[in-house]
Amino acid sequence: MSGAVPAHAVLRSEWTKLVSLRSTWASAAVYVLVAGAFGWLAAATTPAADSASDAVRIALIGFGFAQFAVVVVAATASAGEFAGGLVLASLTAVPRRVRWLAAKTGVVAGAVAVLTAVLVGVCWLAARTLTAVPGGIPPAGGGVGRALLLQVAGAALTAVLAVALGTLLRSTAGAVGTGTALVFLLPLLLPLFGRTGERLAEAMPVLRVGGDPFLAAGTGWQAGLAVTAAWAAGTWLLAAVLLVRRDV
């Protein structure tokens, strides 16, 4: 019977559940206000920059704080189903559990990516309008496009990680707390414990502003993106395996 449920119906169902949560709209509002307002404020207080990429990275600074909202909305979207018992109805309609989890992850991460893309455009406009740069700020050249795309990719991967944590822990508070520790606290605190701590911090899924780690010692954007992707994929696969094996 599960094979009779088309993919677009599963995705539409997950989208309906996502937008029906008040926490989704509250988190989205926080995300927009913090990322957008900080972007314009940072650009307004930076009258000039040496390069276009520097100006854009300054305007993206709000994402470092705003991505907490991504952790909250993504963790709530998955863990909330277990807390409220809605997961029973979801898995009755879609008995193939991995398919259900994939649909939920795709909807949440896709929504986060689209909203982030709009916001990075707003921040780019703020930098272009308020910060003077020799030669101006192009949409893509001079490292600008890479910084904008990395911001979108980082937010989407953070959403995947948080959805997986919510499914794995089945607790909104536990998933939000664990996600916050992984991407905010540990990368910041571990370097305080010497070289070993620094190496462990480099293996954490550090939040990034453009290509730069936020408030933490970190590697370059290539390694940082790979580490975050590995955390997201590994946690998601573990959540998928346990979702299949455990009782609802």
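Note that the structure is a prediction, hence the values are computed from the model and not measured. Hydrogens, waters and symmetry mates play no part in the numbers below; they use all other heavy atoms, side chains included.
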Heavy-atom count check: over 12 atoms from other residues, nucleotides or ligands less than 6.0 Å from Trp15 CH2?
no
Show, in sequence, the C-alpha distance, side-chain angles and deciding distance for Trp40 and Val122, and conclude whether the side chain to side chain contact (heavy atoms under 4.5 Å, CB included) test is met.
CA-CA 8 Å; Trp40 280 87; Val122 170; 3.2 Å; yes
Over all atoms of both residues, closest heavy-atom pair of Leu188 and Leu215
CD1-O, 2.6 Å
Donor-acceptor contact below 3.5 Å, side chain Trp25 vs main chain Val19:
yes
Between Leu238 and Val87, is there shared hydrophobic-cluster membership here, with clusters defined by ILVMFWY side-chain heavy atoms closer than 4.5 Å?
no
Sub-3.5 Å donor-acceptor pair from the side chain of Lys104 to the main-chain atoms of Val163, do we have one?
no
Treat each ILVMFWY residue as a node, draw an edge where side-chain heavy atoms are under 4.5 Å apart, and state whether Val120 and Val32 are in one component.
yes
Min side-chain heavy-atom separation Val183-Trp231 under 4.5 Å:
no
Side chain to side chain contact (heavy atoms under 4.5 Å, CB included), that's the test. Do Met204 and Leu182 meet it? Break it down for me.
CA-CA 7 Å; Met204 291 288 105; Leu182 284 175; 4.2 Å; yes
Is it the case that atom CZ in Arg195 sees more than 12 heavy atoms from other parts of the structure closer than 6.0 Å?
yes
Linking I/L/V/M/F/W/Y whenever any side-chain heavy atoms sit under 4.5 Å apart, do Leu101 and Leu237 land together?
yes
Taking Thr24's backbone N and O only, do any of them form a donor-acceptor pair with Ser27's side chain (distance below 3.5 Å, no angle check)?
no
Passes side chain to side chain contact (heavy atoms under 4.5 Å, CB included), Gln151 versus Arg57? Steps please.
CA-CA 10 Å; Gln151 194 63 61; Arg57 281 195 293 269; over 6 Å; no
Between Ser90 and Lys17, does any side-chain donor sit less than 3.5 Å from a side-chain acceptor?
yes
Do the non-hydrogen side-chain atoms of Leu243 and Val98 ever get within less than 4.5 Å of each other?
no
A side-chain contact here means heavy atoms from C-beta on lying under 4.5 Å apart; do Leu130 and Thr46 qualify?
no
Using atom types as modelled and distance alone, determine if a side-chain donor or acceptor of Thr131 lies under 3.5 Å from a backbone N or O of Ala43.
yes
Atom of Gly211, atom of Trp221 and distance for their closest heavy-atom approach
O-CB, 3.6 Å
So, do Phe65 and Phe214 have ring centers that fall under 6.0 Å from each other?
yes
Tell me whether Ser13 contacts the main-chain N or O of Ala9 through its side chain, where contact means a donor paired with an acceptor under 3.5 Å.
no
Between Arg199 and Glu202 (salt bridge meaning N to carboxylate O under 4.0 Å), is one present in this structure?
no
With the side chain counted from C-beta on, respond yes when Thr105 and Thr167 share a heavy-atom pair under 4.5 Å apart, and no when they do not.
no
Side-chain contact, heavy-atom cut-off 4.5 Å: Arg208 with Leu150?
no
Answer with yes or no whether the hydrophobic clustering places Val34 together with Val112; edges join I, L, V, M, F, W, Y residues whose side-chain heavy atoms lie under 4.5 Å apart.
yes
Check Pro187 against Ala216 and note the closest heavy-atom contact, atom names and distance.
O-CB, 3.4 Å
Give the intermediate values and the outcome of side chain to side chain contact (heavy atoms under 4.5 Å, CB included) for residues Leu60 and Trp124.
CA-CA 8 Å; Leu60 293 174; Trp124 171 84; over 6 Å; no
Do Leu157 and Leu225 come within less than 4.5 Å of each other through their side chains, counting heavy atoms only?
yes
Mind checking whether Trp236 and Leu11 sit in one hydrophobic cluster, side chains of I, L, V, M, F, W, Y counted as touching below 4.5 Å?
yes
Which atom names give the shortest non-hydrogen contact between Gln67 and Thr158, and what distance separates them?
OE1-OG1, 4.0 Å
What one should report as the nearest heavy-atom pair of Gly143 and Ser53 is C-CB, 4.3 Å
Just so I know, are the side chains of Phe68 and Val176 near enough to count as touching, which here means a heavy-atom distance under 4.5 Å?
yes
Restricting to non-hydrogen atoms, name the atom on Thr76 and the atom on Ser23 that form the minimum distance, rounded to 0.1 Å.
CG2-OG, 3.5 Å
If you measure from CZ on Arg128 to CG on Leu125, what distance do you get to the nearest 0.5 Å?
8.5 Å
Does CZ in Arg246 sit with more than 12 non-hydrogen atoms of other residues, nucleotides or ligands closer than 6.0 Å?
yes
